[in-house]
Amino acid sequence: MVAHPFDLLTVDQLRQSGSLKWSAYPDSLGAWVAEMDFGTAPGVIEAAQETLAHGLTGYAPNYLVADMQEATAHWLQQRFSWSLEREQIRPLNSVISAFEAALFHFSPTHRPNAPIVLLTPAYMPFVVAGSRFGRASIEVALRQGPTGWDLDWVALERALQGGALLVLVNPHNPLGKVYTREELTKISELVEQTGSRVFSDEIHAPLVFTGATHISYATVNDAAAQHSITAFAATKAFNIPGLKCAQLVLTNEEDREVWSAVGGVPEHAAANVGLAATTAAYSTGAGWLDGIIDYLDGSRLLLGELISEHLPQAEYQPPQGTYLGWVDISRLNLLPSPAEFFLTEAQVSLVDGSACGKGSDGFVRLNFATPRPVLAGIIHRMGAAVDGCDKFDASDPEFATQNPVY
Ligand SMILES: Cc1ncc(COP(=O)(O)O)c(C=O)c1O
């Protein structure tokens with residue numbers, strides 16, 4: 001079998017890259033923060049370099065923004081059959097800034113300080129948003145069913161009563177769930193009935209595997225378009241979150257009026273390299289992305305095989321999208337912090353489920369966007385640490401990570 005080029009990347013090379021994932025915990029194998037180990041598309045690198053070569057180190061010229069709006073509109077049309085006016089697509093530096101815009105400007109107008117409703121487990125910054133911004137936060141836990149993760153409709157309806165800001169992350173981080181049209185439609189009905197609003201975070205939308213289809217929330221019906229604001233970015237699919245560019249999509253005319261008064265300052269924070277890189281990603285990166293999705297598709301299944309073999313006490317359903325695995329290790333009794341256990345005993349860095357909201361203590365989030373041999377090394381190490389409950393021996397050749405076999 002011919003090795004995939006990504007399989008040949010070594011741990012030493014990854015460490016030398018100096019990325020956050022590989023430098024924060026210097027001796028561990030990095031499977032925590034949502035970065036991929038595969039660089040980015042060649043056109044993206046070229047565009048970012050050209051921006052600097054042209055001396056565009058000042059504020060964003062209008063044409064860089066216009067190019068990004070044009071490329072995003074084309075991408076959304078091609079990928080998700082969503083037709084938008086260029087002006088509906090606004091530049092920001094990050095999806096978290098888009099969330100803050102939703103919180104401050106697009107919460108239900110009849111209920112100042114409306115609570116934030118999260119579908120948990122949830123992406124960590126959303127879990128702490130309530131306390132950061134002095135808002136009540138209601139967690140509605142998704143439930144594991146025989147075919148995947150299901151919404152608790154009764155609890156959701158209760159949480160939205162009186163009007164709330166629902167944070168809908170689709171595809172879901174950390175579950176990798178891709179919501180169906182039926183689910184999105186039902187959500188839109190509850191949101192409409194309760195006078196709530198939706199912040200639809202679709203940052204992972206391009207990273208969906210065979211068998212699932214991403215549907216943008218605002219496209220399910222007119223009510224959804226009116227009561228939601230959407231955030232997109234090329235940053236996860238093309239691995240460029242450090243370049244600081246995201247897109248806020250406004251599909252409600254009144255929101256656009258509000259934004260025209262308050263949006264100038266946050267829009268100013270989008271970076272020139274990020275704008276140019278996003279334009280390049282959306283207009284020239286589809287082929288590169290297809291290769292990434294193909295590799296990740298194999299890796300999400302490989303992760304299941306590795307877990308069955310080396311960590312049989314754990315449970316894992318391959319995600320429908322994203323490159324994040326949500327692994328139930330509750331049977332191992334590693335509380336209070338399984339991530340701490342694996343960091344010290346296996347030298348593997350993960351995210352604790354407890355960071356994703358209540359009831360997730362027995363889980364860890366594992367980033368599998370890494371070379372498959374490294375993924376194998378990660379699970380070998382975790383299994384060995386659990387079996388021995390002993391210090392992981394990095395010198396043991398079985399766990400060598402230079403060229404591990406899987
Ligand atoms: C669901 C989700 N939203 C937002 C973000 C953060 O995006 P940004 O860096 O653009 O704020 C991430 C990062 O992983 C994410 O997974």
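Note that ligands are numbered from 1 as they come in the structure, with each ligand's atoms numbered from 1 the same way.
With respect to atom 14 (O) of ligand 1, the closest heavy atom belonging to the protein is K236 NZ, 3.0 Å. Residue, atom and distance of the protein heavy atom nearest to atom 8 (P) of ligand 1 are V95 N, 3.5 Å. In this structure, the protein non-hydrogen atom closest to atom 6 (C) of ligand 1 is Y123 OH, 3.3 Å.
Ligand 1 lies out of reach of H172, whose nearest heavy atom is not under 4.0 Å from it. Ligand 1 lies out of reach of K244, whose nearest heavy atom is not under 4.0 Å from it.
Under 4.0 angstrom from ligand 1, the non-hydrogen atoms of I96 come from both its backbone and its side chain. With a heavy-atom cut-off of 4.0 Å, A34 touches ligand 1 through its side chain alone.
Heavy-atom contacts from other residues, nucleotides or ligands closer than 6.0 Å to CD of E254 number 12 or fewer.
Looking at S216 and L76, their side chains never come closer than 4.5 Å, going by heavy atoms from C-beta outward. Within the 4.5 Å cutoff, no side-chain heavy atoms of W22 are placed close to those of E35.
A salt bridge does not link R256 with E87: every distance from a Lys NZ or Arg NE/NH1/NH2 to an Asp or Glu carboxylate oxygen is 4.0 Å or more. The pair R197-D255 meets the salt-bridge criterion, since a charged nitrogen lies less than 4.0 angstrom from a carboxylate oxygen.
Ligand 1 has no nitrogen or oxygen under 3.5 angstrom from a nitrogen or oxygen of N93. Taking only nitrogen or oxygen atoms, main chain and side chain alike, H204 reaches within less than 3.5 Å of ligand 1. Considering both main-chain and side-chain atoms, I203 never comes within under 3.5 Å of ligand 1 through any nitrogen or oxygen pair.
For R372 and Y295, the positive end sits near the middle of the six-membered ring, less than 6.0 Å away and at most 45° from its axis.
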Original post:
ring-ring contact (aromatic ring centres under 6.0 Å, His included) between F133 and F104: does it pass, once the steps are laid out?
Top reply: CA-CA 10 Å; F133 297 110; F104 295 127; 5.4 Å; yes

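F80 CZ to T213 OG1: the interatomic distance, rounded to the nearest 0.5 Å, is 10.5 Å.
In summary, the atoms of ligand 1 found under 4.0 Å from a heavy atom of D201, numbered by their order in the structure, are 1 (C), 2 (C), 3 (N), 4 (C). Atoms of ligand 1 lying under 4.0 Å from any heavy atom of V169, numbered from 1 in the order shown and given with element: 1 (C).
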